[in-house]
Amino acid sequence: MKIDLFNEIQNPRPWPEGHEQHRFRQAIEQAKVADELGYGCWWQVEHHGAGEFSLSSAPELLLAAISQHTSRIRLGHSAVLAPSRFNHPVRVAERAATLDQLSGGRVELGLTRSTIPEWRLFGIDPDDVRPQTQQAFEMIPKMWTSDRFSYSGDDFQIKDVPISPKPLQRPHPPLWQAAASPGSFEDAGKRGVGVLGTTIWESIERVERMIKLYRAAAEQCTEPVGSFVNNQVAYFTFVHCAETDEQAMRNGAAAAAAWYTVTALNFFEAAKEFSRSMEQQQALMADQAKENLAGQFFRDEVATSSGPTDGQLLIGRILVGEEVSDEEIFTVLSAQDSLIVGSPETCRRKLATYADLGIDRLMCLQQIGGIGDEQVMTSIRLIGDLIPEFDR
């Protein structure tokens with residue numbers, strides 16, 4: 001299992017003078033240290049209108065800057081927003097290929113549909129999102145591997161155009177899809193692209209089942225959108241390592257994890273959905289599920305579910321305004337193996353849990369909420385010391 005870094009450039013208030021430049025410089029310094037320590041990839045998100053949650057609205061520029069300060073760490077988009085009013089496929093292909101040239105062939109390219117608030121900001125019709133995402137997946141690798149490119153579809157008419165530059169990697173950089181739902185995991189597998197998933201407050205058992213769903217879909221893929229099937233699973237989760245479990249709590253890891261979750265749910269306008277009964281959600285999805293791998297996933301889930309996890313219940317309480325102590329948050333967080341917080345020994349044990357699931361890349365979100373710069377860098381270094389035990 002490769003151990004990677006995942007970055008949102010979070011910028012919680014209060015905002016002192018120069019706070020935005022500080023966050024970007026901080027990210028570059030973290031990437032330089034990660035490069036030295038042997039982290040596999042630096043993954044950068046794309047978000048717009050996100051306020052405190054993320055400054056990462058131009059990830060291609062930050063990744064280009066990082067490419068000039070590092071030599072070996074790979075550079076991942078997790079992920080480019082694929083509908084064309086965000087990013088035209090020609091521009092995605094050109095920018096990613098340029099970054100691949102600048103970095104010496106280190107790019108990993110993920111695409112995603114995005115969500116309602118960002119569609120609204122860019123005036124995107126939700127009905128256009130799925131087909132345009134599919135067309136982007138079809139077009140981009142062909143632009144990279146064809147001297148001249150043509151495409152005829154509902155949204156794009158391109159005739160015999162040379163798209164340049166080409167990426168340094170041959171035949172092209174690995175392709176990925178950001179995914180959170182079983183249906184999206186199945187879509188990624190069917191496309192023959194890697195899946196970039198999240199384990200926020202999920203049980204390890206559900207993560208394992210999501211991986212099996214993706215692997216089954218990928219094994220059935222005979223016509224990948226790219227030149228090869230990138231059968232890889234990457235998951236991102238909270239990670240904070242300190243000298244002791246107690247120090248991790250004093251560093252504010254519990255409060256940061258709760259802040260991240262609540263801020264993300266509010267930004268994505270998913271708080272109400274999260275607060276609904278998990279059993280109701282599952283039953284609804286199972287009732288509507290089609291006869292495919294995701295449908296079977298939901299039916300199995302309804303049959304075996306023991307209800308929401310303690311972490312999900314905790315976040316639900318916070319969302320409705322209940323005051324929850326840092327000690328209680330940390331207790332719940334510590335008991336959940338999908339969140340990696342604590343001493344090096346605690347983190348080693350939880351990392352091993354992920355490795356045992358067969359995950360290919362674990363994307364560690366370490367710059368979380370209000371955790372201090374020094375504490376984040378210490379965490380990056382301590383997790384870095386564990387990399388040789390997993391990256392063999």
Side-chain angles (χ1 to χ4, degrees), residues 2 4-9 24 27-28 30-31 34-35 39-48 50 54-68 70 73-115 118 122 129 132-141 143-144 163 165-169 172-180 184 187-188 191-198 225-226 230 232-236 360-365 367:
K2 300 286 186 183
D4 299 340
L5 274 176
F6 181 92
N7 190 268
E8 304 257 13
I9 314 186
F24 286 110
I28 291 172
Q30 290 168 2
D35 188 51
Y39 281 84
C41 185
W42 177 282
W43 295 94
Q44 195 66 44
V45 304
E46 178 182 345
H47 286 310
H48 302 280
S54 176
L55 290 177
S56 190
S57 55
E60 66 279 2
L61 295 180
L62 180 59
L63 290 171
I66 289 173
S67 77
Q68 301 307 292
T70 57
I73 194 168
R74 295 188 66 79
L75 305 170
H77 278 281
S78 57
V80 174
L81 308 188
S84 63
R85 294 194 73 166
F86 291 125
N87 297 288
H88 192 286
V90 172
R91 295 289 290 123
V92 177
E94 292 169 338
R95 292 196 308 248
T98 300
L99 178 61
D100 205 48
Q101 292 288 347
L102 289 171
S103 66
R106 291 186 275 150
V107 168
E108 307 271 338
L109 181 66
L111 302 176
T112 191
R113 297 193 303 262
S114 184
T115 54
E118 290 174 314
F122 281 78
V129 168
Q132 288 189 5
T133 300
Q134 176 62 26
Q135 290 172 84
F137 270 117
E138 294 170 355
M139 295 167 67
I140 291 166
M143 293 181 205
W144 286 337
I163 306 297
K166 304 301 184 190
L168 184 61
Q169 294 178 81
H172 56 70
L175 293 168
W176 301 78
Q177 176 181 336
S184 294
D187 287 345
R191 288 179 172 133
V193 302
V195 66
L196 302 166
T198 174
V225 293
N230 181 30
Q232 290 194 75
V233 175
Y235 256 99
F236 102 82
D360 300 293
R361 313 195 76 104
L362 186 67
M363 304 182 291
C364 301
L365 174 62
Q367 193 259 314

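- Summarising the geometry of I66 relative to A31, their closest heavy-atom pair is CG2-CB, 3.7 Å, with the distance given to 0.1 Å.
- Annotation: side-chain contact (heavy atoms from CB on, under 4.5 Å) contacts of S57 (sequence neighbours excluded): H48.
- Residue pairs satisfying the salt bridge (charged side-chain N to carboxylate O under 4.0 Å, His left out) criterion with at least one member in residues 76-89, sequence neighbours excluded, are absent.
- At least one donor-acceptor pair closer than 3.5 Å links the side chain of N230 to the backbone N or O of L175.
- Residues forming a side-chain contact (heavy atoms from CB on, under 4.5 Å) with A180 (at least two apart in sequence, or on another chain): T198.
- Scanning for side-chain hydrogen bond (donor to acceptor under 3.5 Å, both in side chains) contacts around T115 gives an empty result, with sequence neighbours left out.
- Sorted by first and then second residue, the salt bridge (charged side-chain N to carboxylate O under 4.0 Å, His left out) pairs with a member in residues 98-112 read R74-E108; sequence neighbours excluded.
- The CD atom of Q232 sits 5.0 Å away from the CG atom of D360 when rounded to the nearest 0.5 Å.
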Fill in: Trace of the side chain to side chain contact (heavy atoms under 4.5 Å, CB included) decision for H47 with E118
CA-CA 8 Å; H47 286 310; E118 290 174 314; 3.4 Å; yes
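- Between the NZ atom in K166 and the CD atom in E94 there is a gap of 9.5 Å [rounded to 0.5 Å].
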Discussion item. Checking R113 against S184 for the side chain to side chain contact (heavy atoms under 4.5 Å, CB included) test, could you report, in this order, the C-alpha distance in whole Å, the side-chain angles of both residues, the deciding distance, and whether it holds?
Written reply: CA-CA 10 Å; R113 297 193 303 262; S184 294; 3.7 Å; yes
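- A 4.5 Å side-chain heavy-atom check between L196 and W43 finds at least one atom pair inside the cut-off.
- For the atom pair CE (M139) and OG (S84), the distance works out to 9.0 Å, reported to the nearest 0.5 Å.
- Note on ring orientation: taking the six-membered ring where Trp is involved, the planes of F236 and F6 are parallel (angle under 30°, cut-offs 30° and 60°).
- S114 is not listed as a side-chain neighbour of V129, based on a closest heavy-atom distance of 4.5 Å or more.
- E60 meets the salt bridge (charged side-chain N to carboxylate O under 4.0 Å, His left out) test with no other residue; sequence neighbours excluded.
- To the nearest 0.5 Å, atoms CG (L5) and SG (C41) are separated by 9.5 Å.
- Under the side-chain hydrogen bond (donor to acceptor under 3.5 Å, both in side chains) criterion, N87 pairs with E46, R95, sequence neighbours left out.
- In this view, H77 satisfies the ring pair (Phe, Tyr, Trp, His ring centres under 6.0 Å) rule with no residue, not counting sequence neighbours.
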Item to complete: For side chain to side chain contact (heavy atoms under 4.5 Å, CB included), just list the numbers for N7 and V45, CA-CA rounded to whole Å, side-chain angles, deciding distance to a tenth of an Å, and then say yes or no.
Response: CA-CA 7 Å; N7 190 268; V45 304; over 6 Å; no
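- Smallest separation of non-hydrogen atoms from L102 and S67: CB-OG, 4.2 Å.
- Counting heavy atoms from C-beta on, the side chains of D187 and F137 never come closer than 4.5 Å.
- Q177 is linked by a side-chain hydrogen bond (donor to acceptor under 3.5 Å, both in side chains) to R191, counting only residues two or more places apart in sequence or in another chain.
- Under the rule for a side-chain contact (heavy atoms from CB on, under 4.5 Å), the partners of L61 that lie at least two apart in sequence or sit in another chain are A58.
- When all heavy atoms are compared, the tightest approach of G197 to M363 is O-CE, 4.0 Å.
- The shortest heavy-atom contact between L62 and A27 is CD2-CB, 4.4 Å.
- Among all heavy-atom pairs drawn from I140 and P89, the shortest one is CG1-O, 3.8 Å.
- Closest heavy-atom contact between V225 and P141: O-CG, 3.2 Å.
- Listed by chain and residue number, nothing satisfies the ring pair (Phe, Tyr, Trp, His ring centres under 6.0 Å) test with W42 (two or more places apart in sequence, or in another chain).
- Partners of A82 under the side-chain contact (heavy atoms from CB on, under 4.5 Å) rule, at least two apart in sequence or in another chain, are L111, T133, A136.
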